[in-house]
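I have placed the structure first, in the form of structure tokens, so that the comments after it can refer back to it.
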Amino acid sequence: MAEIVCQNIKKNYGAVEVVPDFNLEVKDHEFIVFLGPSGCGKSTMLRMMAGLEDITGGELLIGGKIVNDLEPRDRGIAMVFQNYALYPHMTIRDNIAFGLRRIKVSEEEIKKRTADVTGVLGLEPYLDRKPTELSGGQQQRVAIARAMIKTPDVFLFDEPLSNLDAKLRATMREEIARLHKKLQTTTVYVTHDQMEAMTLADRIVLMKDGMIEQVGAPEEIYERPATFFVAGFIGTPAMNLIDMTVNQSNDGFQLTSKHVTLCVDPSRFEIKEGQKVTLGVRPSDLSSENKNADALSGKSDLIEYHGDQALVSFDVGELKIRALVPARHRPGEGADVSFYIREGSGHLFDKATGKSLLKG
């Protein structure tokens with residue numbers, strides 16, 4: 001069993017506190033992704049798990065055993081880095097086997113394990129080459145093979161695809177997903193790329209300023225963001241965010257701002273008269289077809305063609321709103337446009353706390 005438990009983990013660099021109080025349980029065989037902007041503490045947490053950074057406070061358990069003071073080699077982990085970290089003077093075969101030779105594993109066992117991992121990752125044709133003779137994606141597969149051959153209890157990935165081009169990132173993302181399904185090893189993966197997080201993770205741990213903003217399955221993070229920060233960070237194109245005030249009306253509640261007035265369903269939200277809120281609407285939840293709803297109307301300013309879809313930017317007073325529409329139905333630049341919020345799709349966040357006001 002390879003559960004990972006973080007209990008009140010803290011990390012200070014001198015007087016600077018970068019991780020104030022981190023608590024998380026990673027289940028055996030689970031694929032967890034640490035996601036967040038640069039400087040949020042995700043790589044620091046991973047390096048503490050790996051034993052590459054000292055833990056200032058709290059306890060880290062792997063497989064039920066406290067590992068705070070254990071050397072990296074004694075933790076049952078293997079780590080894949082962003083920069084591959086291959087030895088340029090060695091062949092691919094020797095790079096993969098290097099860790100096993102250091103701990104005096106027999107050559108017969110090394111040969112067997114090398115054949116197993118290179119077969120899984122499709123590296124057999126490259127075993128006698130040097131790293132400089134391989135592409136970036138092939139080198140990253142070698143780095144993964146070197147980690148796999150140790151048969152670890154836990155895989156740690158530190159932004160392993162960030163040095164690859166977009167097409168290769170997509171290919172390697174699929175390979176890592178398939179590899180996890182095959183091996184079922186507990187995996188913690190760090191990235192700032194939300195597409196990687198959404199497609200790979202069983203659960204996403206979204207971080208900000210060394211703290212967890214929300215933990216959940218990708219669908220939960222996307223569909224029910226717990227805070228204003230989560231809503232703004234997750235989703236491409238980004239969510240439209242509009243500061244508004246809650247006002248009571250004869251029919252219930254309205255949201256008002258300088259240029260926008262919208263009815264709101266009070267059964268969905270915990271709101272009260274005079275409350276300052278932020279309305280969040282994803283561009284894909286704006287439609288030009290629902291004439292019964294309140295409209296966001298303005299002039300189209302910029303049309304971005306995305307193939308089968310187009311992103312329409314339009315001005316509502318000083319507000320810049322974006323809607324994602326079928327490309328064949330896109331308006332021209334400078335056209336008058338009206339869009340309606342799809343029923344049941346909007347989000348409200350308390351302006352003071354940043355927390356979601358969605359019920360349930």
| Would T278 and I242 satisfy side chain to side chain contact (heavy atoms under 4.5 Å, CB included), going step by step from the backbone distance to the final call? | CA-CA 5 Å; T278 300; I242 307 171; 5.9 Å; no
Criterion side chain to side chain contact (heavy atoms under 4.5 Å, CB included) on L348 and L255, from CA distance to verdict: CA-CA 10 Å; L348 286 180; L255 303 176; 3.6 Å; yes
- Task: Assess whether side chain to side chain contact (heavy atoms under 4.5 Å, CB included) is satisfied between D193 and L161, documenting all intermediate values.
- Result: CA-CA 10 Å; D193 185 325; L161 309 185; over 6 Å; no
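No hydrogens or angles considered: a donor-acceptor pair under 3.5 Å links the side chains of E196 and T191. With no hydrogens or angles considered, no side-chain donor-acceptor pair links N23 and Q7 at under 3.5 Å. If you check the side chains of S267 and D265, you find a donor sitting under 3.5 Å from an acceptor. Counting only N and O atoms by type, the side chains of T256 and N247 include a donor and acceptor under 3.5 Å apart. Residues R173 and T199 bring a donor and an acceptor atom of their side chains to less than 3.5 Å of each other. A side-chain donor-acceptor contact under 3.5 Å links Q82 and S162. Looking only at atom types and distance, the side chain of E213 has a donor-acceptor partner in the side chain of T227 under 3.5 Å away. Counting only N and O atoms by type, the side chains of D301 and S313 include no donor and acceptor under 3.5 Å apart.
For the atom pair CD1 of I66 and CD of E59, the computed distance is 3.5 Å after rounding to the nearest 0.5 Å. Rounded to the nearest 0.5 angstrom, R93 CZ and K111 NZ are separated by 8.5 Å. With rounding to the nearest 0.5 Å, the separation of CZ in R268 from CD in E343 is 9.0 Å. For the atom pair L357 CG and K351 NZ, the distance stands at 12.5 Å (nearest 0.5 Å). Once rounded to the nearest 0.5 Å, the distance linking CG of N8 with CD1 of I55 reads 12.0 Å. Interatomic distance, K130 NZ to L86 CG, rounded to the nearest 0.5 Å: 13.0 Å.
Ion pairing between a basic and an acidic side chain is recognised when a charged N comes within 4.0 Å of a carboxylate O; K258 and E318 show such pairing. Salt-bridge formation is detected for the pair R101/D94: a Lys NZ or Arg NE/NH1/NH2 atom is positioned less than 4.0 Å from an Asp or Glu carboxylate oxygen. Ionic pairing of K112 and E108 is not present here: no N-O contact between side-chain nitrogen and carboxylate oxygen is shorter than 4.0 angstrom. A salt bridge links R141 with E175: at least one charged nitrogen is closer than 4.0 Å to a carboxylate oxygen. Between E17 and K10 there is no salt bridge, since none of the side-chain N atoms of the basic residue sits less than 4.0 Å from a carboxylate O of the acidic one.
The only option from K320, H259, K299 that meets the side chain to side chain donor-acceptor pair (under 3.5 Å) definition with D315 turns out to be K320.
Under a hydrophobic-cluster definition in which Ile, Leu, Val, Met, Phe, Trp and Tyr are linked whenever side-chain heavy atoms come within less than 4.5 Å, directly or via other members, V5 and V205 are assigned to different clusters. Residue F228 is not grouped with residue F233 when hydrophobic side chains (ILVMFWY) are merged at heavy-atom distances under 4.5 angstrom, including chains of intermediate members. Cluster annotation: F269 and F253 are assigned to the same hydrophobic cluster (Ile/Leu/Val/Met/Phe/Trp/Tyr, side-chain heavy-atom contacts under 4.5 Å, transitive). V190 and L52 fall within a single hydrophobic cluster, where Ile, Leu, Val, Met, Phe, Trp and Tyr are joined by side-chain heavy atoms under 4.5 Å apart, directly or via other members. L61 and I32 fall into different hydrophobic clusters, defined by Ile, Leu, Val, Met, Phe, Trp and Tyr side-chain heavy atoms under 4.5 Å apart, directly or through other members.
Summarising the geometry of F349 relative to A231, their closest heavy-atom pair is CZ-CB, 3.4 Å, with the distance given to 0.1 Å. The two residues V260 and L262 come nearest to each other via the heavy atoms CG1-CG, 3.5 Å. Scanning all heavy atoms of the two residues, the minimum distance from L311 to P283 falls at CD1-CB, 4.2 Å.
Under the side-chain contact (heavy atoms from CB on, under 4.5 Å) criterion, K11 pairs with Y13, V18, V19, T44, M48, E53, D54, T56, not counting sequence neighbours.
The closest donor-acceptor contact from the side chain of D74 to the backbone of D69 lies at 3.5 Å or more, if one exists at all.
Among pairs with a residue in residues 182-203, those fulfilling ring-ring contact (aromatic ring centres under 6.0 Å, His included) read F31-Y189, F157-Y189, at least two apart in sequence or across chains.
Both tests hold for R282 against Y222: distance to the six-membered ring centre under 6.0 Å, angle to the ring axis within 45°.
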